[in-house]
Structures are given as C-alpha cells and as structure tokens.
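Scope of the values below: all heavy atoms of this structure, side chains included, with no hydrogens, waters or symmetry mates. None of the values given here were measured: they were computed from a predicted structure. We count ligands from 1, going down the list as the structure has it; atoms in each ligand are counted the same way.
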Amino acid sequence: MEELISLCKRRGFIYQGSEIYGGLAGTWDYGPLGVALKKNIEQLWWKRFVLDREDMYGVDAAILMNQEVWKSSGHVAGFADPLVEDLKTKKRYRADHVLEAQGIDPKGMSFADMDKVIKEKEIKSPEGNPFGEVRQFNMMFKTQIGAVEDENSISYLRPETAQGMFVNFKNVVDSFHPKLPFGLAQIGKAFRNEIAPRDFIFRVRELEQMEIEYFVKPSLWEESFEHFRKESKEFFKEIGLPEDKVHELEIAPEDLAHYSKRTIDFEFDYPFCRKELSGLAYRTDFDLKSHSAGSSIDLSYFDESEEDKEKKRFIPHCIEPSFGVGRAILAVLSSAYAEDELGGEKRSYLKLAPEVAPYLIAVFPLLKNKSELVLKAREVFDLLRKIPQFAGRVIFDETGSIGKRYRRQDEIGTPYCVTVDFDTLGENPEHLDTVTIRDRDTGEQKRIKIKELEFLKN
Ligand code: GAP
C-alpha cells in the first residue's frame, strides 16, 4: 500500500485532501491521472449499465434533500456505526474494529452485544485506557439550509445516491412510462462521517457511488438479482480485476441492512485484507413503500400487461447493485501494481487494462534536440489523437532520455509507447513512415507502419 500511495502522489493520481493545511481525514483529491482513470471506470460502468440497455434511465439528483427523505428511508433513526470512546484521551473508535483487532468476529452482534464483550473481556483502547459504553453514532453530515437555523432547516449531505432515485421514481414513470422491469442509475457523491476513515481511499468520508435501483415485479426478483450478480462480475473483468481476487459473500440474515431481504457483497483481496468492493441487495418494496407513506404520494405502479385486475396496481420490488468508485479504483490500482526487472534495472509499473489506463499511447521523438524528429512525432501525435477512440488518451513526451520516458509511462500504466526515430524519416528507406511500438508489460518493441497504429482501437 505504501508503495502504491507514494506512486499515486508522485505521478498525480491521488493526493491527500487539503494537503497544504495538514490534510483533512477521510478526504482525497484526484489529480489529472486519477481523474482520467476514474472517468474511464465510470464511463465503462455507464456504458454497460445504462447506454447499452433499453431498460435503464439515468438521473442526477441533488445531494441535498428534504430531511423527510432521510426519516422515511430509515437513515435518521438507524444509519449508525457503533462508537466507543477511550475514557481518558476521548479518542473515538469503531467498536466492531476494536473487537476485530482482538480476533473477535463482530458479525451479527448488536451494539449491546459488543458493549457486553468489551466489558467482559476488559478490552482496553490502543493507549491502554478503559472504554466507555458502545453508543450509536449517526454517520450523516448534518447541515442547515437557508438563513434561519431551526428544526425545519436541517438537511443532510446524502449518505448514498440511492434515495435520489427512489424519490424520482414517479417522475421517471410519468415522463417515460417504462415497462417493468426497468431501472434508474446514477453516479455521484455521497458523504459519511466515518468514525475511522482508513486504508487510503478505501474508507473515506466523501465518496462516490455508482448505483442502480432496478424495479421488478415482486415474484420475479430472483431473476434480476442473478442477472446483476453476473453483470457485476463482468464489469469487474472489464476494468481489469483478476477474477481470483473477487469473492462473493452471502450476508447472513442477522447482518442484513434494515431494508434488505438478501445481500451479496463482492469482496476484493486488497493489499491490507479481503474487504467489500461492492454490494448487491434485494431491497424489496421497502423504499417505495416508506416514501409513499412519508410523502403521502402514491408510488405504486400500474401494470397494463397484468391480466388479473386485482394485481394490476402494486409497489414494485427493487434490486440494487451498488458500487463504490474509490473502492473500484483501489482494486484496479492495487492489482495492477507490479515490480520487476527490465534490461537489468528494477522498475515498478501499473499493469492497467487498456480500457481504464489514463493514457493508451505515448508518442516520443527519439531525441528532443532534432527538430525533424520532433516535428514528425508531433504529426503522429496529432494523427492519433484525432481518432475519436483515442481522444484525450494520447500523450506527447519529449523530456529526458528515452529510457526515462519509458519508465515514466510504465509507472502510470500507459500500455503502448510509440517512438519516432531516424528510420521513420527515411534514413533506412525500407522503414520510411514506420515507428517502433513498445509493449509496457514485456518491454518488447516492434516496428510497424504509422498507418497500422489504428489497430490499437481494438
Ligand atoms: N445504497 C446502498 C449502499 O449505499 P453500502 O454498502 O453502504 O450500500 C455501497 O455502500 C458501496 O459504497 C460499498 O460497497 C462501497 O463500495 C461504497 N462505500 C460505502 N461506504 C464507503 C466509504 N466510507 N468509503 C468508500 N466507499 C464506501
């Protein structure tokens, strides 16, 4: 992890949030290459789950929502982590993490159970002090809307994007009249006041989610659940995650969230341990029912295809595939990070899938001080970046020795380096208008015609 965090900072992927002021825990800023990687992952997700389908509707809901939304969804009452305080230092810890550190599995334990175990086993804080009671700590960031601060002006930064879709269910039905099954999809920020943010971008306070709320006839939920289980795995493959590092975990009934009847977590072998990458939940009709009751707006669905009159109007059930963008990025980066020896030199590089790498191709003139090489290399660069599939994914680099430039591109995961040399200019007439193309992983170089570079589109 340390090597990876250092590479991310050095090469402009991810920086600590508010770094020049000493940072702000649980926040991270994406630099130019981090943004490119993130956008590539988000675009692949959006293409797979929205653009390539006829049953999906994209939305982009406001982050601030009426506080009633969070009362109906259950977040005001129950979106809490178990908090325990060191009585001397007043430092706060997650009680479940405290138990895990002692080798005790907190799965299925209520807050009272955790309290009991901490007391019975006389577990102390890392500083060696006694702990207070295990308490509920609501993770939503509370804020005030407008100039008057009172109970009515309370709002929250959304802790999940999901509710933005449930409250727009009726809008989308009224505008588009979709037939069941259909889904709403959204990519956006969410905020959680995590007691213990940690492990780089794994557990943060400001995060990004890619979520789908997929509405189905109640009797057909299993079909869609299976469909999204498969699609999730396909998506992980597409972004380059090794299949043997992705695992499914069936959540035990006693550990299910209040809205879920079934949940599978996809876990990933991160460098620090196996942890949740994304989730797939069967949320039943919990949310639409709660919002119908809370808003007094009827959120039932009229199913014209249903023969039985009694069954024509009902509240659809919901399947929710929920992906954390940061966790996907960390999985991609950590599994791509590699070290080896090339040409007698040690190197670290990112074996990123071409689909997600910030740049696909780097173009170099062999020497910076030969204007004819630079001009020709610029020509190749311009030619490539005008190809729509390569837009924004080609970089020109003329700084430093060619070896250094290769290493730099290896470290940021660029799959191909194209070099314009004297042969390109016709020094060897047989090789006129050819370039060398170097493979990031093997370091092998081939000479090909400039025209043939288009093959990289595939
Ligand atoms: N709408 C359902 C929902 O939000 P969740 O399991 O709480 O479910 C979904 O979160 C995903 O969001 C997780 O699988 C994870 O990828 C990501 N996530 C949740 N909390 C996070 C945090 N503090 N930091 C980074 N990612 C987080």
Side-chain angles (χ1 to χ4, degrees), residues 14 17 24-28 30 38 41-42 45 59 61 63 65 69-70 72-75 78-81 94 96-97 137-141 156-167 183-214 228-229 232 235-236 239 241 246-251 255-268 270 272 274-284 286-288 290-291 318-334:
I14 300 165
L24 179 67
T27 66
W28 295 89
Y30 285 79
K38 182 152 84 78
I41 291 175
E42 288 176 353
W45 187 89
V59 295
I63 287 173
M65 300 174 86
V69 170
W70 305 109
S72 298
S73 68
H75 284 78
F79 190 59
D81 266 348
R94 277 231 342 226
D96 51 337
H97 291 171
F137 173 74
N138 194 298
M139 290 158 72
M140 284 199 293
F141 283 101
Y156 303 91
L157 300 186
R158 67 180 179 204
E160 61 173 10
T161 62
Q163 299 304 324
M165 291 181 270
F166 293 121
V167 301
L184 270 57
Q186 171 164 227
I187 298 179
K189 292 249 179 177
F191 303 82
R192 299 182 180 188
N193 197 2
E194 294 282 351
I195 299 165
R198 57 168 150 172
D199 297 321
F200 192 30
I201 54 171
F202 180 81
R203 188 178 307 286
V204 294
R205 289 183 168 138
E206 180 173 336
L207 57 132
E208 213 155 329
Q209 292 183 316
M210 307 184 281
E211 293 197 300
I212 292 165
E213 306 306 329
Y214 196 74
F228 283 108
R229 179 215 281 248
S232 300
F235 173 67
F236 296 140
I239 61 175
L241 300 187
V246 178
H247 310 273
E248 286 182 29
L249 176 74
E250 183 81 45
I251 302 299
D255 287 329
L256 290 172
H258 61 282
Y259 52 74
S260 172
K261 254 209 173 134
R262 183 177 179 200
T263 295
I264 286 179
D265 278 354
F266 287 95
E267 296 194 317
F268 188 76
Y270 289 102
F272 43 92
R274 184 177 292 179
K275 283 268 180 191
E276 180 182 339
L277 163 64
S278 79
L280 174 62
Y282 169 39
R283 294 182 77 125
T284 67
F286 175 86
D287 303 272
L288 290 183
S290 308
H291 288 305
C318 178
I319 304 295
E320 180 194 63
S322 174
F323 301 80
V325 179
R327 292 200 184 172
I329 292 175
L330 186 57
V332 163
L333 284 173
S334 62

Trainee: Do Arg94 and Glu194 have side-chain heavy atoms sitting under 4.5 Å apart?
Mentor: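 Contact flag for Arg94/Glu194 side chains = yes.
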Trainee: Heavy-atom contacts under 4.0 Å between Arg283 and ligand 1: side chain, backbone, both, or neither?
Mentor: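 The answer is the side chain of Arg283.
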Trainee: For atom 1 (N) of ligand 1, which of Glu194, Lys275, Glu211 has the closest heavy atom?
Mentor: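 It is Glu211 that holds the nearest heavy atom.
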Trainee: Are Trp28 and Val204 packed together at the side-chain level, in the sense that at least one heavy-atom pair is separated by less than 4.5 angstrom?
Mentor: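 Heavy-atom side-chain distance check passes, below 4.5 Å.
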Trainee: Contact between Gly326 and ligand 1, counting heavy atoms under 4.0 Å?
Mentor: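 No.
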Trainee: I need the nearest protein heavy-atom contact for atom 11 (C) of ligand 1: residue, atom name and distance, please.
Mentor: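 Sorting protein heavy atoms by distance from atom 11 (C) of ligand 1 puts Ser322 OG, 3.7 Å first.
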Trainee: Test side-chain contact (heavy atoms from CB on, under 4.5 Å) on Gln186 and Gln209; report intermediate values, then the result.
Mentor: CA-CA 8 Å; Gln186 171 164 227; Gln209 292 183 316; over 6 Å; no
Trainee: Do the side chains of Arg283 and Glu160 get close enough for a salt bridge, i.e. N-O under 4.0 angstrom?
Mentor: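 Yes, charged N to carboxylate O under 4.0 Å.
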Trainee: Hey, are the side chains of Ile329 and Phe200 touching, using non-hydrogen atoms and a 4.5 Å cut-off?
Mentor: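 When only atoms from C-beta onward are counted, Phe200 and Ile329 do not touch, as no gap falls below 4.5 Å.
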Trainee: Apply the test side-chain contact (heavy atoms from CB on, under 4.5 Å) to residues Arg192 and Phe79: give CA-CA distance (whole Å), side-chain angles for both, the deciding distance (0.1 Å), then the verdict.
Mentor: CA-CA 10 Å; Arg192 299 182 180 188; Phe79 190 59; 3.6 Å; yes
Trainee: Heavy atom to atom 10 (O) of ligand 1, shortest distance: which of Gln209, Glu160, Glu213 holds it?
Mentor: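 Heavy atom nearest to atom 10 (O) of ligand 1 belongs to Gln209.
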Trainee: Can an N or O of Phe202 be found at a distance shorter than 3.5 Å from an N or O of ligand 1?
Mentor: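 Yes, Phe202 has an N/O under 3.5 Å of an N/O on ligand 1.
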Trainee: I need the contact type for Phe268 against ligand 1. Using non-hydrogen atoms and a strict under-4.0 Å cut-off, is it side chain, backbone, both or neither?
Mentor: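 Neither; no heavy atom under 4.0 Å.
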Trainee: Would a distance-only check, ignoring hydrogens and angles, find a side-chain to backbone donor-acceptor pair under 3.5 Å from Arg158 to Ala61?
Mentor: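 At least one qualifying donor-acceptor pair exists.
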Trainee: Is any side-chain heavy atom of Phe235 less than 4.5 Å from a side-chain heavy atom of Ile41?
Mentor: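 Side-chain contact under 4.5 Å: yes.
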Trainee: Short list, please: which atoms of ligand 1 are under 4.0 Å from a heavy atom of Ser278?
Mentor: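 Listed by number with element, the hits are 14 (O).
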Trainee: Mark up the atoms of ligand 1 that fall under 4.0 Å of a heavy atom belonging to Gly279, in ascending order.
Mentor: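 Those of ligand 1 that fall under 4.0 Å from Gly279 are 14 (O).
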Trainee: Quick check: closest heavy atoms across Leu249 and Glu267, and the distance to 0.1 Å?
Mentor: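 Nearest heavy atoms, Leu249 then Glu267: CD2-OE2, 3.5 Å.
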Trainee: Give me the residue, atom name and distance of the protein heavy atom closest to atom 18 (N) of ligand 1.
Mentor: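 Here the nearest protein heavy atom works out to Leu207 CD1, 3.8 Å.
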Trainee: Name the closest protein heavy atom to atom 24 (N) of ligand 1, giving the residue it belongs to and the distance to 0.1 Å.
Mentor: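 Scanning the protein heavy atoms, the shortest distance from atom 24 (N) of ligand 1 goes to Val204 N, 3.0 Å.
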Trainee: Honestly, is Arg327 close enough over Phe202, meaning NZ or CZ under 6.0 Å from the six-membered ring centre and within 45° of the axis?
Mentor: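 Positive - Arg327 is close enough to the ring of Phe202 and near enough to its axis.
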Trainee: To the nearest 0.1 Å, how far is atom 6 (O) of ligand 1 from its closest protein heavy atom, and which atom is that?
Mentor: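 Going atom by atom, the protein heavy atom closest to atom 6 (O) of ligand 1 ends up being Glu276 OE2, 3.3 Å.
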Trainee: Considering heavy atoms of the protein only, find what lies nearest to atom 17 (C) of ligand 1 and give residue, atom and distance to 0.1 Å.
Mentor: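 Looking at atom 17 (C) of ligand 1, the protein heavy atom closest to it is Gly324 CA, 3.7 Å.
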Trainee: With a 4.0 Å cut-off on heavy atoms, is Phe191 touching ligand 1?
Mentor: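 The answer is no, since Phe191 has no heavy atom less than 4.0 Å from ligand 1.
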Trainee: If we only count N/O pairs under 3.5 Å, is Leu277 in contact with ligand 1?
Mentor: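 Yes, Leu277 has an N/O under 3.5 Å of an N/O on ligand 1.
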Trainee: Are any of the N/O atoms in Arg192 less than 3.5 Å from those in ligand 1?
Mentor: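 Yes.
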Trainee: Does an N or O anywhere in Ala162 fall below 3.5 Å from an N or O of ligand 1?
Mentor: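 N/O-N/O distance below 3.5 Å does not exist for this pair.
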Trainee: When you compare the side chain of Phe323 with that of Phe236, does any pair of heavy atoms fall below 4.5 Å?
Mentor: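 Sidechains of Phe323 and Phe236: in contact.
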Trainee: Minimum distance, heavy atoms only, to atom 2 (C) of ligand 1: which one of Arg327, Arg203, Glu320 is it?
Mentor: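 The residue whose heavy atom sits nearest atom 2 (C) of ligand 1 is Glu320.
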